[in-house]
Amino acid sequence: MTEYTCTPIQDKPALKYVDRLHEIKRAICTLDESLTPSKRVGHKSIGLSPMFGTPQQHRKNFDSIALLDHQNVLTPSRTSATALENNGLDSSQISDSFLHNPEVAATVEKITSSNLLIKSFSEVYKEISTEDVLSVVSSFAEQCEELYQNSKSMLLSVKHSKLLSQKLRDACSNIANERYTWKLLGAIYQNKLNTTMSENDDSDSHLGAINRLYTKSGEIRHNQVVLDWLESNASELLPDLPTKVGYFSGKVSWENTFHTLCNQKVKKIISTMDPDAPSREGAPLHEIDAEDQSRLVKHMFHLVRAGQVDKAQQLCIESGQCWRAAVIEGWRLYHDPNAHDLSRDRDSVEGNITRALWKNCCWDFCNSSGVSTEEKALYGALSGNLQAILPACTNFHDVLWAHFKTLLDQEVEEELCDSMLPHSYWKDLLSLESVIDTMGKMKQSRDLYNKLQLQLICGNLSGILQTVSEHIEKAGLSQCRFLCHLLLILETIYPDQAPAALHDTLTKYILALQNEECMEEVVFYASLLPSELQISLLSEVLAHVEDLSRPQCVQYAAVYSVPIEEVSMRIYKKIVSESCSSPDPGMTSVANISDGDARVVGAISWLLLSETQRRSALREANRLIRMFLGARKHAPACAVFEMIPSDTIEVIHREWSKENQGIPLPPDDINAVREYLCLQAYLDTHQAYSDWSAHRANRPSNPTCESNYRIKS
């Protein structure tokens with residue numbers, strides 16, 4: 001490789017000006033470091049000249065330079081609190097104001113409990129059909145994404161409150177993981193439905209051979225779907241990374257080293273400017289360039305992790321390291337579109353014809369000493385070297401990506417059968433089962449979302465059901481909602497394998513919704529259960545509904561085809577049974593009616609919610625009146641009679657004639673009407689007698705005459 005020699009530049013004041021400018025830029029950016037500040041050895045503190053403006057003015061231009069860990073994008077900057085304190089605001093006072101702000105606390109509570117997703121998920125699922133599963137899953141993911149973005153925005157507002165901030169962080173993590181799971185399910189199901197393959201590539205190139213492999217192998221397409229999903233998730237975090245990763249002009253790489261060599265300064269750095277100089281001479285770059293290069297390589301690895309190799313190459317070109325972009329190009333599959341085309345118009349050749357040799361060099365490079373972890377992982381990811389990638393992985397999904405990246409690389413190389421690959425490449429061949437088994441041994445695999453994602457990847461439906469059964473009892477409202485809809489979607493995809501855990505999950509979710517005043521959702525999800533189970537569950541839930549909300553529940557039941565008559569009868573019988581079996585505390589209520597009798601009297605209202613149930617209401621009212629009269633309790637008997645609307649007999653005849661035109665009422669109903677009229681006559685007579693007795697008992701006494709007066713006869 002050509003060695004570049006440096007000629008001293010005479011315009012030293014200009015070089016000093018550039019060097020000073022870079023020093024000032026770095027000093028400004030250090031003020032706004034979000035994570036651990038960079039340790040720059042050998043730098044002198046430089047006072048800011050008025051010509052460069054204040055630090056606040058420069059910060060606007062260099063806020064994007066601080067490198068953020070992509071796993072800590074929700075970590076608030078420490079300098080924000082410092083800025084508030086500089087303006088006379090105490091962060092503890094801000095924390096207290098947020099803690100005692102009911103609007104902020106209520107919003108955080110809604111987000112953390114995912115109440116905002118309850119209605120939107122139910123509205124989306126109501127429109128589901130067998131052909132529309134993908135759009136429903138996509139809508140679920142979009143709803144989670146919208147809430148996630150709102151949560152992140154809210155996090156910036158409450159970052160000075162540790163309590164609210166931590167709750168929001170946990171909510172953001174759960175919502176993001178749920179969204180990833182919906183995206184994975186949608187991608188796997190779409191790949192399952194995609195039966196139309198592209199036309200076979202008849203070219204003899206490496207690219208043509210791999211295209212044919214993807215056409216005929218469903219397994220490799222499945223693995224590619226998983227890899228694309230992992231890279232798509234990582235790409236969503238790239239906007240949180242800095243837009244500029246180095247402090248170079250872009251015209252020349254290692255400009256501080258170049259500047260030092262041009263000025264013939266005595267420093268223990270490389271003596272030439274070619275890319276191999278650091279490894280050949282065993283000497284370092286200038287300390288600033290070394291730090292810049294480390295930042296560049298880290299950013300390149302993030303781009304490769306996100307599946308954006310082209311952007312990583314463009315970043316190298318913009319950073320003055322075109323040679324590094326050319327090195328990355330070596331991973332592409334070779335393809336010559338002109339092999340069978342004799343026309344004059346020739347297309348450019350793609351890829352690397354010596355790809356195996358390039359991979360061999362990458363493996364040797366990854367085994368070299370003095371190479372950073374990220375740089376090893378960068379070339380390891382492009383050459384199928386799993387052991388080189390793993391040290392740079394910081395979370396569960398990074399490790400999963402490393403395994404699938406290597407797995408796909410091995411499947412490609414097995415098809416190409418190239419003998420120039422290193423022997424260690426074939427030492428530990430991966431498979432989908434071995435990858436899932438390895439990931440299952442990690443501590444992070446115990447997380448609900450990670451465990452479900454692994455089971456979705458390997459298509460383990462029974463494992464998903466077992467996982468849901470294990471977590472549903474201790475799941476909160478948010479996870480309960482997620483698990484419920486996950487099983488509902490799986491039931492739609494696999495109708496012949498209806499999840500046995502679905503009923504328990506729906507029951508748990510409905511009971512949780514009971515406390516959230518979501519009665520429409522309660523009735524809707526109950527309608528998805530078997531008839532007997534929905535009647536039993538709704539009778540338990542609706543028994544606690546207030547009187548004013550009961551007519552609305554009847555309307556919901558009519559919309560979702562729930563047998564509200566049976567539910568009402570079940571509630572009525574349960575109240576009467578419990579009230580009659582419990583000991584009567586005595587006359588503690590008004591009108592000489594005990595609390596137990598008052599509950600029995602009120603129970604009849606459940607049978608009056610629908611006019612179609614008026615016949616049952618009349619029969620049960622007759623029974624209660626007989627029971628109270630037999631116990632010599634006339635007051636509750638009269639109270640039951642007053643509960644029955646005066647138009648009951650008319651309604652019974654009208655409802656019967658709707659479906660049985662010209663047919664008289666059944667004997668049982670006729671007898672019930674007659675009994676009702678008899679009881680009415682009895683109660684009216686009893687009331688009249690009671691009124692007469694009371695009047696007689698309070699009749700006025702005979703007038704008395706004075707002794708001085710005599711009545712003449």
Side-chain angles (χ1 to χ4, degrees), residues 1-4 39 41 67 245-246 248 253-254 256-258 261 267-305 309 312-313 315-317 319-332 352 354-394 398-399 401-403 405-406 409-410 413 418-430:
M1 184 174 292
T2 304
E3 295 186 2
Y4 298 94
K39 296 180 180 179
V41 182
L67 181 61
V245 296
F248 31 73
S253 178
W254 304 343
N256 293 280
T257 303
F258 180 73
L261 293 177
K267 275 197 173 184
K268 295 182 180 180
I269 59 174
I270 58 175
S271 60
T272 56
M273 286 291 293
D274 64 279
D276 294 327
S279 58
R280 184 182 65 253
E281 298 179 9
L285 301 171
H286 188 281
E287 57 189 13
I288 299 179
D289 291 338
E291 186 175 353
D292 289 344
Q293 175 135 313
S294 175
R295 182 180 292 104
L296 172 66
V297 171
K298 288 181 180 179
H299 197 88
M300 289 176 62
F301 175 71
H302 291 323
L303 290 172
V304 172
R305 166 70 178 86
V309 180
Q313 291 178 285
L315 179 63
C316 294
I317 296 174
S319 304
Q321 297 191 12
C322 299
W323 58 270
R324 194 183 291 275
V327 171
I328 296 178
E329 186 69 17
W331 79 283
R332 300 188 188 276
N352 181 10
T354 58
R355 184 167 176 268
L357 180 60
W358 177 86
K359 282 193 172 184
N360 215 322
C361 295
C362 287
W363 276 66
D364 291 340
F365 179 78
C366 292
N367 294 329
S368 303
S369 59
V371 181
S372 66
T373 300
E374 288 77 13
E375 192 165 9
K376 288 182 179 180
L378 172 64
Y379 294 108
L382 299 175
S383 61
N385 190 342
L386 178 62
Q387 299 306 319
I389 310 174
L390 290 178
C393 298
T394 58
D398 285 349
V399 177
W401 170 80
H403 281 83
K405 186 74 173 175
T406 305
D409 194 272
Q410 291 177 354
E413 295 300 339
D418 201 319
S419 59
M420 296 185 65
L421 291 171
H423 295 292
S424 54
Y425 183 89
W426 306 104
K427 184 177 180 181
D428 297 319
L429 293 179
L430 300 177

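Owing to the predicted nature of the structure, the values given are computational and were not obtained by experimental measurement. Residue numbers start at 1 and run along the sequence shown.
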statement: Heavy-atom closest pair (V309 atom, R332 atom, distance to 0.1 Å) is CG1-NH2, 4.3 Å
Rounded distance (nearest 0.5 Å) linking atom CG of D274 with atom CH2 of W254: 7.0 Å
message: Less than 3.5 Å apart, any donor N or O on the side chain of S372 or Q293 sitting next to an acceptor on the other?
response: no
field: Modelled atom types, side-chain donor and acceptor of S253 and R324, under 3.5 Å
entry: no
task: Compare every heavy atom of A402 with every heavy atom of L390, then report the nearest pair and how far apart it is.
output: CD2-CB, 4.0 Å
message: Quick check against the 3.5 Å criterion: does S294 have a side-chain atom that pairs as donor or acceptor with the backbone of E291?
response: no
Shortest non-hydrogen contact from D428 toward Q410: O-NE2, 3.3 Å
message: Using 0.5 Å steps for rounding, measure from the OG1 atom of T373 to the NZ atom of K298.
response: 9.0 Å
message: Has Q313 got a side-chain atom pairing as donor or acceptor with I328's backbone, closer than 3.5 angstrom?
response: no
query: side-chain contact (heavy atoms from CB on, under 4.5 Å) between I269 and L261: does it pass, once the steps are laid out?
result: CA-CA 9 Å; I269 59 174; L261 293 177; 4.3 Å; yes
- request: Output the distance between atom CG (L357) and atom CZ (R355), rounded to the nearest 0.5 Å.
  value: 12.5 Å
task: Measure across W401 and I389 and return the closest heavy-atom pair with its distance rounded to 0.1 Å.
output: CZ3-CG2, 3.7 Å
field: Which atom of W331 lies closest to which atom of L382, heavy atoms considered
entry: CB-O, 3.8 Å
- request: Quick one: pull up SG in C362 and OH in Y425 and give me the separation to the nearest 0.5 Å.
  value: 11.5 Å
- prompt: Taking all atoms of both residues into account, what is the closest heavy-atom pair of I317 and A325, and its distance?
  reply: CG1-CB, 4.0 Å
- prompt: Out of curiosity, H423 NE2 to N360 CG, how far, rounded to the nearest 0.5 Å?
  reply: 9.0 Å
statement: So CD of E413 and OG of S383: to nearest 0.5 Å the spacing works out to 10.0 Å
field: Side chain proximity check, T354 to M420, heavy atoms < 4.5 angstrom
entry: no
- prompt: For the side chain of W363 and the backbone of G384, is there at least one donor-acceptor N/O pair under 3.5 Å apart?
  reply: no
field: Backbone of T257 reached by a side-chain donor or acceptor of D289 within 3.5 Å
entry: yes
